[in-house]
Amino acid sequence: MLKPVDLIIKNIGMLATPQGTGPKGGKEQGEVTKIKGAFVAIRGDQIAAVGEEEDLPQLPTHEGTVFHDAGGCLVTPGLVDPHTHLIFGGWRQRELSLKLKGVSYLDILDKGGGILSTVKHTRAASLEELVQKGAKALNTMLLHGTTCCEAKSGYGLNVEDELKTLRAIAQLNDTHLVDLVPTFMGAHAVPEEYRDRPAAFINLIKEEMIPRVAEEKLAEFNDVFCEDGVFAVEESRDILEAGKRYGLAAKVHADEITPLGGASLAAEVGAISAEHLIHATDEGIADMAAAGVIAILLPGTSLYLDTSFARARTMIEKGIPVALATDYNPGSCPTNSLQLIINLACIKYKMIPEEVLTAVTLNAAASIKRSAILGSLEVGKLADLVIWDAPDLDFIAYHFGVNLVKTVVKGGKIAVAKGVLVD
Ligand code: IZC
Ligand code: ZN
């Protein structure tokens, strides 16, 4: 017999969720359970029951059980954003005009702009300033339906400031409602002081940063920007293998700007995910499919760099589970709304709304090792869900450029109501 529940979301017009505890590839990516006239019952921070409204009277309640009316709207799992550069000092709005004049992303970086200008501002910021700025960004994410996000370091690029960044992520995870999953990304760029001796910087990453990060348990993943003029394939392999020796699972920024071979490298080192993949080759995609690497695609970055879009359909056809993320960062994709990403994935990747939902929930959770507890509306999973100002799944894929979130339940508590944060 079910124990009394604390919160019941009733009058759900359509409940849409993927099912399961692992990533979904191929045809399965588009298989989403839809229940018309549904309810979700929550006990503590977990889902206790999901079903059709006609079964609701059988649910045991107590005096304090709260009934929340979803108003006939769509309910989905809370969105999971599996690729963000959440913690940074300053912004880079001036680069937009440079880009409009035709200066490329890699040229801006080469002249000390881009990532390197963010490094200057991040080093100058205190831990408290980074935490405050991160909290503001997380509030925006929560208001737009994101209940869990991955966060990468990579704008410190020395031992002290990389640790400061990861400590900011840890503090935010303790204090903010949105759950954070930390990734160490010391290999995001070669800082100016190591410009002429990149090998020495790679040694610093391998011999000082990674051991400290692992010792202080500040990250779960180790990511490398494997890119022309940043870290070569051999250097990336070296850094990823060093991380693995310290228990940090590999992730790769792969084939974002040039087809360098990052997708194949991700397969070779057994990375959990390869991310970006705008220029991934047929061989890279085949290698990922064979090795079971999850693709994290970032259409906001393609839009913002005004470049081509990753071949999502080919990846899905080859059985690769596709996840979607914002890539939130101050340069190549300054947005932290997954809703824009949902729309772009439909229009530019030709993914159907059901595939997109799986990509921003279950597959996203799997790409950061959280799919056992997150990413679907099923008994025993964390009670993270979104009530949308929308009648069905098609609507949120179609109506773009505005925030359609009405209510967010995070860990069983109403965190956003009527589109506003609840204190
Ligand atoms: O700050 O430009 N691609 N890293 C790799 C980024 C983009 C973030 C940035
Ligand atoms: Zn990135």
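Both ligands and their constituent atoms are indexed starting at 1 by order of listing. Since we're looking at a predicted model, the values are computed, not measured.
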### Message
Below 4.0 Å from ligand 1: does a non-hydrogen atom of Ser332 turn up there or not?
### Response
yes

### Query
Hey, is NE2 on His121 packed in by over 12 heavy atoms from elsewhere, all under 6.0 Å?
no

### Message
Could you identify the N, O or S atom of His83 positioned closest to the Zn ion (ligand 2)?
### Response
NE2

### Task
Report the name of the N/O/S atom of Asp327 located nearest to the Zn ion (ligand 2).
OD1

### Task
Tell me which protein heavy atom sits closest to atom 8 (C) of ligand 1, plus the residue, atom name and distance to 0.1 Å.
Tyr155 OH, 3.3 Å

### Query
Taking the non-hydrogen atoms of Thr118, is any one of them nearer than 4.0 angstrom to ligand 1?
no

#### Entry: Interfacing atoms of ligand 1 (cut-off 4.0 Å, heavy-atom, Ile115)
1 (O), 2 (O), 4 (N), 9 (C)

### Electrostatic pair Glu220-Lys251, nearest N-O below 4.0 angstrom
no

### Distance-only donor-acceptor check, side chains His144 and Gln339, under 3.5 Å
no

### Message
So, 2.8 Å as the limit: is an N/O/S atom of His276 located closer than that to the Zn ion (ligand 2)?
### Response
no

### Task
Give a yes or no on whether His253 keeps an N, O or S atom under 2.8 Å from the Zn ion (ligand 2).
yes

### Query
More than 12 heavy atoms of other residues, nucleotides or ligands under 6.0 Å from CG of Asp306: is that the case?
no

### Message
For atom 4 (N) of ligand 1, what's the nearest protein heavy-atom neighbour? Residue, atom name and distance, please.
### Response
His188 NE2, 2.7 Å

### Summary
Here the gap from Lys24 atom NZ to Ser376 atom OG, rounded to the nearest 0.5 Å, amounts to 9.0 Å

### Qualifying residue, where the test is side chain to side chain contact (heavy atoms under 4.5 Å, CB included) with Leu303 and the options are Ile347, Leu344, Ile341
Leu344

#### Entry: Residue portion contacting ligand 1 (non-hydrogen atoms closer than 4.0 Å) for Phe88
neither

### Message
Surrounding CD of Glu283 (heavy atoms of other residues, nucleotides or ligands, distance under 6.0 Å), is the total greater than 12?
### Response
no

### Query
Considering only the protein, which heavy-atom contact is closest to atom 6 (C) of ligand 1, and what is its distance?
Tyr105 OH, 3.3 Å

### Query
Among the heavy atoms of Glu227, does any lie under 4.0 Å from an atom of ligand 1?
no

### Taking every non-hydrogen atom, the tightest pair across Leu130 and Gly89
CD2-N, 4.1 Å

### Task
For atom 3 (N) of ligand 1, grab the closest protein heavy atom and report residue, atom and distance to one decimal in Å.
Glu256 OE1, 3.0 Å

### Task
Sort out for me which residue in His85, Glu150, Lys152, His83 forms a side-chain hydrogen bond (donor to acceptor under 3.5 Å, both in side chains) with Thr183.
Glu150

### Message
Counting only nitrogen or oxygen atoms and a 3.5 angstrom limit, does His276 reach ligand 1?
### Response
no

### Task
Run the numbers for me: atoms of ligand 1, each under 4.0 Å from some heavy atom of His253, listed by number.
5 (C)

### Message
Is it the case that the ring center of Phe184 lies less than 6.0 angstrom away from the ring center of Tyr246?
### Response
no

### Query
Does His85 reach ligand 1 with a nitrogen or oxygen that is under 3.5 Å from one of the ligand's nitrogen or oxygen atoms?
no

### Task
For the Zn ion (ligand 2), find the closest N/O/S atom belonging to His85 and write down its atom name.
NE2

### Message
Tell me the closest heavy-atom pair linking Gly71 and Lys406, and the distance in Å.
### Response
CA-NZ, 4.5 Å

### Task
List every atom of ligand 1 that sits less than 4.0 Å from any heavy atom of Arg92, numbering the atoms from 1 in the order shown and giving each element.
1 (O), 2 (O), 9 (C)

